[in-house]
Every structure is written in structure tokens, then in C-alpha cells.
Amino acid sequence: MKRVTLFAGHYGSGKTNLAVNYALRLARSGVKTLIADLDIVNPYFRTRDSEAELKTANVRIIVSPYANSNVDVPALPDEMYAVTDDTSYHAVIDVGGDDRGALALGRLAPALRLENDCDMLFVANFYRPLTQTASDAYAALKEIEAASHMRFTGIINNSNLGALTAPEDILATDVFARELSDMSALPLICTTVEERLAGSLSGKLKRITPIRLHFRSDWAIY
Amino acid sequence: MADKVLMKGNEALAEAAIMAGCRHYFGYPITPQTEVAAYLAKRMPKVGGTFLQAESEIAAINMVIGVASAGKRVMTSSSSPGISLKSEGLSYLAGCDLPALVVNVQRGGPGLGGIQPSQSDYFHATRGAGHGDFHMLVLAPASVQEMASLVFKGFDLADKYRMTAMILADGTMGQMMEPVSLDMGEVKQYDKSWAVTGTKGARPHNIVNSLSLLPEELEQWNLKRYEKYAEIEKNEVMYDSFMAEDADVIVVSFGVGARVARNAIVEARAKGIKAGLIRPITLWPFPKQALKAAAAHAKAFVSVELSMGQMIEDIELSIRCFRPVLLCRRVGGMIPTPEEVLAKIEEADKTGGNEA
């Protein structure tokens with residue numbers, strides 16, 4: 001396992017949810033973990049939504065003081081440098097969506113490349129409107145690499161339709177994930193599925209990783 | 001593969017606009033609706049359309065007037081402060097009887113306010129979008145699916161009645177993600193023989209104009225416009241209801257408020273309180289008749305709003321103050337919780353009928 005794990009991908013592909021899941025898993029297995037929210041694009045749904053749960057699990061949270069506030073300031077805190085300065089932590093980084101969101105990663109890229117102990121995972125959801133094919137997802141992947149000055153090391157298939165996802169919806173995207181893997185010459189690390197679906201998919205897909213959906217429930221169901 | 005895609009509300013309304021045949025979008029970025037522009041910047045060039053980030057909201061709405069005059073489907077979008085800037089143009093669109101689709105993904109105000117969701121532009125949308133006597137068709141989506149379907153519907157209504165249709169959403173609707181079916185059906189064609197597209201020497205000039213030199217004439221234009229509005233109030237009201245048929249307490253709410261209210265109503269029913277929801281989908285025309293009919297059996301109403309209490313006036317007018325109307329509200333970017341709505345329902349159930 002590399003010291004730093006970056007989750008990047010196209011807008012709305014599920015990066016924040018995966019980063020929170022992964023950070024919680026690391027921390028609960030006894031790894032000294034921090035999570036850094038590098039998102040300068042998304043105004044509403046942020047790492048901070050899961051602040052209480054992360055704190056309980058002893059995850060150090062680095063997030064813009066403006067996240068979830070009433071202003072839209074695309075600024076990052078100086079504490080962000082802890083990602084590369086304090087190597088006693090395993091760092092999980094939630095990168096903003098698309099090439100525009102990945103721009104902020106450029107600031108950390110030289111130090112991350114120098115340390116050379118980093119996985120950068122491309123999070124794909126083939127149910128998102130602008131990345132419904134492998135070639136569209138590949139184009140997004142290349143744009144993010146150019147904007148961030150970093151190279152991806154693997155792909156996560158996080159295809160879903162939110163809380164209404166059925167097992168066959170996920171199965172149907174496996175072919176796209178493999179195609180993207182071939183196109184990019186990057187390994188398909190895993191397929192992430194909501195916990196409730198993991199059982200019905202076991203044996204049908206390789207490397208299934210169950211995750212939990214973190215969302216606001218007061219108005220989420222309609 | 002499922003025939004649905006997972007979309008943000010802002011993306012859904014952008015894609016629905018393309019499907020409705022809109023090939024011209026003019027806008028200026030503002031949170032929480034910037035994804036509309038970001039999405040259309042990527043999509044419009046691929047379908048041979050025009051995406052243009054104008055130098056300001058005012059410029060954008062005037063470009064809308066231009067394209068609408070030429071008889072083409074056109075859209076602009078913004079959030080509350082930006083919509084204020086567009087107000088002059090909204091009045092001119094009405095004065096010129098032009099069809100257009102305008103989106104307001106509301107945020108907290110007044111002034112610069114904040115970026116979190118709000119519904120405090122209700123008065124602006126339904127009463128005073130600009131100077132002069134006029135209305136806009138105001139459509140209030142409560143799901144990402146409706147963000148798409150009401151854009152499609154809005155373009156139809158705008159063309160049918162030659163007027164502005166406004167999508168009055170809130171930041172939550174713009175930002176949340178849900179699966180959407182983009183099967184919108186056929187795009188209807190409307191007569192646009194009034195459009196200024198060049199006479200080619202073959203017909204008299206068409207004139208699109210809001211200026212009249214004669215007060216008698218301007219009065220007639222206004223009267224004629226209001227005949228159209230009366231027809232719309234008769235034919236185009238849309239609302240949804242949930243457990244409202246036998247309800248003692250009727251909750252009225254739209255957008256994200258209606259989603260919270262629905263959860264509260266389920267809880268109230270579990271506690272033995274007969275609560276129900278009437279959710280206006282058109283805020284203008286407002287579902288007056290549905291509320292008036294409900295007042296015959298309900299003992300009280302609760303208005304759930306992300307404003308200081310604006311729609312509550314329409315509820316009171318609709319039922320002629322025949323029953324008490326309680327207010328459950330949060331402002332400044334806050335959203336009422338199901339517990340807060342439930343407490344109001346319980347209060348209405350206890351006190352209902354006593355005040356009247």
C-alpha cells in the first residue's frame with residue numbers, strides 16, 4: 001500500500017464518498033490516517049458532511065474553512081501541506097471533479113512525484129451523462145492528468161444510479177470498465193458497490209469492494 | 001444497461017433544454033447553478049448550438065431577447081442575485097410577448113446573501129419579476145427528474161403562450177444527484193410567423209416591440225395579455241398531492257420543502273394525525289381551486305417554505321382565510337427538518353379551527 005491515495009475523476013463520479021469510505025476503513029484497521037478535501041468545484045456535498053464519523057474514527061480532516069459555508073471561495077488551507085510534509089500519516093485525498101477540479105492538485109504534484117509513494121485512482125461512473133462510454137471516460141482521464149500534472153495508477157469502477165442502483169446496473173458497466181482499462185493501460189483495481197448489493201454480485205464480478213453511501217436523508221428520498 | 005443516467009439537477013435541466021430543441025444558451029456563472037453553464041459549454045458545440053458566457057447577467061438576458069425575437073428556443077439561467085440583474089429583461093420579454101426559458105436556482109438573500117439553498121425569490125417570480133403588469137409561468141421542480149421534465153414542459157408552455165417560463169428551483173435541486181430518464185417525447189412545433197427573420201421582400205415587416213406611443217393602444221395590449229393569463233389560470237395549473245384526500249392538516253410546500261414535508265407527513269400519519277401534502281408544481285398559476293376544495297375538509301394548513309413566509313399569502317388568498325395557515329420556515333440557506341415540520345403539523349392539528 002502506498003502512503004498517499006488520491007481519488008480523482010469526472011464530476012459527480014463518487015470521489016468524496018469513496019475517499020470517506022477508504023479513510024474510515026484505514027483508520028479502523030489501525031492506520032494513522034488523514035483525509036484532505038482538495039475540492040474547489042463542488043459547493044454543497046463535501047467531506048465535511050461526514051465530519052463527525054471521521055472524527056470518531058480518529059481521522060484527521062483537512063478541509064477548507066469555507067466548505068459547507070455560505071461563501072464560495074475556491075481556496076485551500078495552508079494545513080494542506082501536511083499531506084506531503086507529515087509522512088507519518090497515510091493520506092487520502094479527495095480531488096475535485098474534472099480537469100477544473102484537478103487543477104488544485106498541481107500545487108502538491110511536485111512533492112508527491114518526488115516522494116514517489118502515491119496511488120492515483122480514477123473513479124468512473126458510467127451512468128454519468130458525459131462519461132457513458134469508455135472513450136468519453138478516457139478523455140476525462142487524460143484531461144485530469146494534464147491539469148494535475150500527475151499520472152493515474154489505477155481505475156475504480158464506481159458506476160451507480162444512487163440509492164436506486166440494482167445489481168444488473170453495475171454488471172452492465174463491467175465491459176466499459178475493462179475497455180477503459182485496456183485503453184489507458186491501467187489496472188482495474190476494483191468495482192465498488194453499495195453494501196446491500198455486494199452479496200448478489202459476489203462471484204459475478206472480480207474484486208468487489210463494498211462501500212456505504214453517505215448522504216443527507218432528510219430530503220434524499222422522494 | 002439501465003435506461004437512466006445519474007445527474008445533478010443542474011445537468012438535467014441543461015440536457016433537457018437540448019432535447020427540447022434549445023440551441024442557444026447565454027449565461028454568467030454563479031453558485032449554485034454554475035453546472036448548467038459548465039455542462040452546456042461542453043454539450044452545445046457537439047449539437048451545433050451556441051453556448052456563450054456573456055459579460056454579465058444583463059447582457060445574457062438581452063441576448064435571450066434577441067434570439068427569442070428570431071423565433072428560436074433560448075435559455076438563460078442564474079441564481080438569485082443574478083436573476084435580480086435580469087429583471088429589466090424579464091419585463092421586456094413580457095412587453096414584447098416573447099417565449100423564453102429562464103432558470104433561477106435560488107440561494108439565500110437578500111443582497112449577495114449566501115450560496116446555500118433558498119426559496120425566497122417566490123415573490124419575485126410570482127409577483128414582481130420586473131416593472132409593469134405581467135406574469136411568468138413559474139414551474140417548481142421537486143426532483144432531478146422534474147428538473148428535466150419541467151424544462152421540456154416550460155419550453156412548450158412558453159411557445160404556446162408567447163411568454164417567459166421560469167424554472168424556480170433551489171440550490172438543493174440544482175446540486176443533488178438522482179437517476180433520470182431522459183425520454184422526453186416529441187418536441188412540439190408552434191406557429192412562429194410573428195418572428196423577425198427577414199421578410200426577403202415577400203411579406204410585411206414583423207415588429208417585436210414593447211413601446212407604444214398611444215396610451216389607448218398600450219391599454220389594449222395589457223388587456224389582451226391578461227385575457228391570455230386568465231386562460232392559463234384555467235388550463236395550466238399543475239400540482240401533486242400526497243395523502244391529502246382525507247387530511248385534517250394540509251401541508252403546502254414545493255421544491256426541497258415538499259420532500260421534507262413528505263417525510264414529516266408519513267411520521268404524522270404513523271402518530272395517528274391525518275396529514276397530507278399539496279405540492280404546487282406551477283407557482284403561477286397557483287393551484288387555488290385545489291386548496292379551496294381542501295379547505296372544505298381540512299381544519300388547518302401548514303406552509304413549509306425556505307423563506308420568511310411568501311407562498312403563505314397565496315395559500316391564505318386561495319382559501320379566503322377560511323382556515324388558519326401556520327408557517328414552518330427556515331431561511332438564510334437552512335432547510336426545515338422533518339421534526340420541525342412534524343411539530344407544526346401537530347400544532348395545527350391541535351389548534352386548527354379554533355382561530356378561525
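Every chain is numbered from 1, with letters handed out A, B, ... down the list of sequences.
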Do other residues, nucleotides or ligands put more than 12 heavy atoms under 6.0 Å from B:Arg23 CZ? yes

Flag yes if more than 12 heavy atoms outside B:Phe152 fall under 6.0 Å of its CZ atom; otherwise flag no. yes

Does the distance from a Lys or Arg side-chain N to an Asp or Glu carboxylate O, for B:Lys42 and A:Asp98, drop under 4.0 Å? yes

Of all of B:Leu112, B:Thr31, B:Leu6, B:Thr34, which one pairs up most often with chain A through heavy atoms under 4.5 Å apart? B:Leu6

For A:Arg196, does the CZ atom sit with more than 12 other heavy atoms under 6.0 Å from it, leaving out its own atoms? yes

Of B:Met177, B:Arg107, B:Glu15, the largest count of non-hydrogen pairs under 4.5 angstrom with chain A goes to B:Met177

If you count heavy-atom pairs under 4.5 Å with chain A, which of B:Gly171, B:Ala264, B:Gly333, B:Gly174 comes out on top? B:Gly171

Heavy-atom distances under 4.5 Å only: say whether B:Ala38 touches chain A with side chain, backbone, both or neither. side chain

Side chain proximity check, B:Arg43 to A:Leu130, heavy atoms < 4.5 angstrom: yes

Which bit of B:Glu35 is near chain A, if near means a heavy-atom gap under 4.5 Å: side chain, backbone, both or neither? side chain

Residue A:Asn125 versus chain B: region with a heavy atom under 4.5 Å: side chain

Which of the residues B:Gly108, B:Pro117, B:Pro32 is involved in the greatest number of heavy-atom pairs with chain A at under 4.5 angstrom? B:Pro117

Atom OH of residue position A:Tyr66 - does it have more than 12 heavy atoms of other residues, nucleotides or ligands inside 6.0 Å? no

B:Glu178 side chain to A:Gly162 main-chain N or O, any donor-acceptor pair under 3.5 Å? no

Side-chain donor-acceptor pair present, A:Tyr11, B:Glu11, cut-off under 3.5 Å: no

Identify the two heavy atoms, one from A:Ser69 and one from B:Ile115, that lie closest to each other, and give their separation to 0.1 Å. O-CG1, 3.7 Å

Heavy-atom check, side chain of A:Leu161 versus side chain of B:Met7, under 4.5 Å: no

Residues passing the salt bridge (charged side-chain N to carboxylate O under 4.0 Å, His left out) test with B:Glu305, sequence neighbours excluded, are none

For B:Tyr28, does the OH atom have more than 12 heavy-atom neighbours from other residues, nucleotides or ligands under 6.0 Å away? no

For atom NZ of A:Lys142, is the number of surrounding heavy atoms from other residues, nucleotides or ligands below 6.0 Å larger than 12? yes

Under the 3.5 angstrom rule, does the side chain of A:Arg128 hit a backbone N or O of B:Val5 as a donor-acceptor pair? no

